[in-house]
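The next block holds one structure in the form of structure tokens; read it before the comments.
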Amino acid sequence: MSETKEVTYRVREFDPNRDAAPHWEEYRIPYAPGMTVLDGLWKVKELHAPGLAWRSSCRMGVCGSCGMLINGKPGLACNTQISELATDVVAVAPLPNFATIRDLVPDLRPMIERHRELMPWIVRDDVGERENPTAEFWQSPEELEHYLQFSYCIKCGCCMAACPTYATDPRYSGPMPLAQAQRYNADSRDGGFAARRELLFSEKGPWRCHYAGECSRVCPKGVDPAKAIQLMKRELVLSYLRLRKTKCPSQLAKKPAGIGRREGIPEAPAPTV
Amino acid sequence: MMRDAKLWTWHVLAGVVILVFLGLHMAIMHMDAILGIFNPAGGHPVDWGNVVERGKSVFFTVTYVILLGAALFHGLYGLRNILLELNPPDWLGKAIGIVLLLVGLGFFALGAWAAVAAHTLATSL
């Protein structure tokens with residue numbers, strides 16, 4: 001970063017109602033220490049391009065809306081300081097490997113649809129308990145560790161944008177849906193391995209992954225989808241060879257005995273959903 | 001639907017087979033001064049006497065055929081994956097699979113015949 005108090009934003013813009021192809025536009029905006037790439041985009045919108053479109057919401061790396069290609073690397077605009085780019089030029093483009101709806105807005109529907117196909121929720125036979133829970137399912141801290149880091153995923157799509165296999169093979173599910181399938185397969189409360197297996201055994205499964213590791217490198221939440229995919233391959237191969245130990249989903253935890261509510265603490269309000 | 005899981009699993013297992021048998025090959029051919037295994041005639045591992053002795057062995061004939069099958073499957077499956085990453089249309093992807101299957105079967109038949117013929121020749125000497 002030089003001593004100048006301005007930075008140049010190179011923004012890839014595309015309006016399907018107006019443009020035949022995406023094009024790059026340049027804007028100069030004032031820079032202040034602490035500015036994120038997202039702050040800069042708001043400044044571009046305020047000063048130069050009121051029609052510029054992107055997604056953002058929480059501004060703190062939690063919602064996963066503002067995933068975009070920042071100086072050639074997928075990342076969250078709200079989570080990237082301009083100063084850490086070490087340049088006066090900030091180039092922003094929509095996430096690659098997705099169609100562009102407009103400007104910096106990628107069409108994430110293929111990712112979300114594949115995510116849904118792989119049943120990213122606890123699958124159990126005891127539907128009654130799932131719908132009307134009476135207690136918690138038991139899980140040890142060690143069992144929690146098996147999937148905890150994968151549960152930090154915010155579905156921003158950065159891993160999908162960085163994956164060289166997803167870039168060339170639309171049948172491959174990509175790192176996010178596969179890592180999330182592994183997150184539930186590894187959950188001791190889940191009994192859905194057999195239900196997910198058919199899809200995972202097919203060409204939509206992890207077989208085309210050759211461990212480039214880019215998904216893990218770019219993940220803004222520190223999730224390691226590449227590891228999830230390798231763990232999933234191991235489980236699926238063991239299952240194919242009939243060497244995988246089938247395990248029952250964990251049972252309900254017993255309610256603690258001899259513990260009562262202390263005086264003066266009100267009852268929790270009734271659930272609203 | 002299981003096809004991809006099946007092919008990948010056998011790809012890995014073929015890799016293990018290659019590792020074991022290539023290890024054996026390296027031990028026989030390049031570590032003879034230390035190990036001196038499977039060289040009953042003494043001298044260099046590729047001396048005529050040693051080659052004939054190994055050719056007479058059913059164990060070696062079987063390992064040649066298994067190694068040939070494993071190497072062909074492992075290599076051609078890898079090649080298929082590389083070609084499919086070029087994102088060919090469906091018909092071309094299927095054609096690549098069929099051509100590589102036929103090439104693999106052809107080379108396997110030729111190699112297996114050569115191994116058995118070498119065994120037959122060696123036992124007749």
Side-chain angles (χ1 to χ4, degrees), chain A residues 96-99 110 114 117-119 160 162-175 177-178 181-182 185 193-215 226 228-244, chain B residues 1-24 62-63 65-108:
Chain A
N97 300 346
F98 296 105
R114 190 59 61 85
E117 277 182 64
L118 285 166
M119 292 184 279
M160 306 287 278
C163 175
T165 308
Y166 188 66
T168 56
D169 189 349
R171 288 163 295 191
Y172 177 61
S173 290
L178 291 175
Q182 175 61 18
N185 280 345
F193 180 81
R196 294 184 194 100
R197 187 175 52 190
E198 191 180 351
L199 200 65
L200 294 173
F201 266 168
S202 73
E203 60 194 0
K204 295 177 181 176
W207 315 109
R208 297 284 161 83
C209 169
H210 42 66
Y211 205 18
E214 285 298 293
C215 50
I229 291 170
Q230 306 318 308
L231 292 172
M232 171 182 280
K233 277 183 178 173
R234 184 175 69 182
E235 290 295 306
L236 291 170
V237 166
L238 289 175
S239 170
Y240 168 62
L241 297 174
R242 299 178 192 279
L243 297 173
R244 184 177 186 270
Chain B
M1 290 294 277
M2 274 183 64
R3 195 162 166 266
D4 284 72
K6 202 185 295 182
L7 290 176
W8 194 86
T9 304
W10 285 106
H11 179 66
V12 172
L13 294 177
V16 174
V17 170
I18 291 168
L19 196 68
V20 171
F21 286 150
L22 272 188
L24 185 64
V62 171
T63 57
V65 174
I66 293 173
L67 179 60
L68 175 69
L72 278 170
F73 179 77
H74 192 83
L76 292 175
Y77 176 79
L79 179 61
R80 174 179 170 270
N81 274 357
I82 292 168
L83 294 174
L84 292 185
E85 280 196 12
L86 301 174
N87 205 15
D90 278 351
W91 68 266
L92 187 54
K94 281 180 187 164
I96 287 169
I98 292 167
V99 168
L100 291 179
L101 177 67
L102 293 176
V103 168
L105 288 175
F107 276 119
F108 182 74

Neighbour count >12 (heavy atoms, 6.0 Å) for atom CZ, B:Phe21:
yes
Spatial distance of atom CG (A:Leu200) from atom CG (B:Asp4) [nearest 0.5 Å]
11.5 Å
Close contacts, residues 73-81 of chain B versus chain A, judged by heavy atoms under 4.5 Å:
B:Arg80, B:Asn81
Can I get a per-line list of side-chain donor-acceptor pairs under 3.5 Å for residues 162-174 of chain A, giving both atom names and the distance, sequence neighbours left out?
| from | atom 1 | to | atom 2 | distance (Å) |
| --- | --- | --- | --- | --- |
| A:Thr168 | OG1 | A:Pro164 | O | 3.3 |
| A:Thr168 | OG1 | A:Thr165 | O | 3.2 |
| A:Thr168 | OG1 | B:Glu85 | O | 3.4 |
| A:Asp169 | OD1 | A:Arg171 | N | 3.0 |
| A:Asp169 | OD1 | A:Arg171 | NE | 3.2 |
| A:Asp169 | OD2 | A:Arg208 | NH1 | 2.7 |
| A:Ser173 | OG | A:Arg114 | NH1 | 2.8 |
| A:Ser173 | OG | A:Lys204 | O | 2.6 |

Options B:Thr9, B:Val12, B:Leu7, ranked by heavy-atom pairs under 4.5 Å with chain A, top entry:
B:Thr9
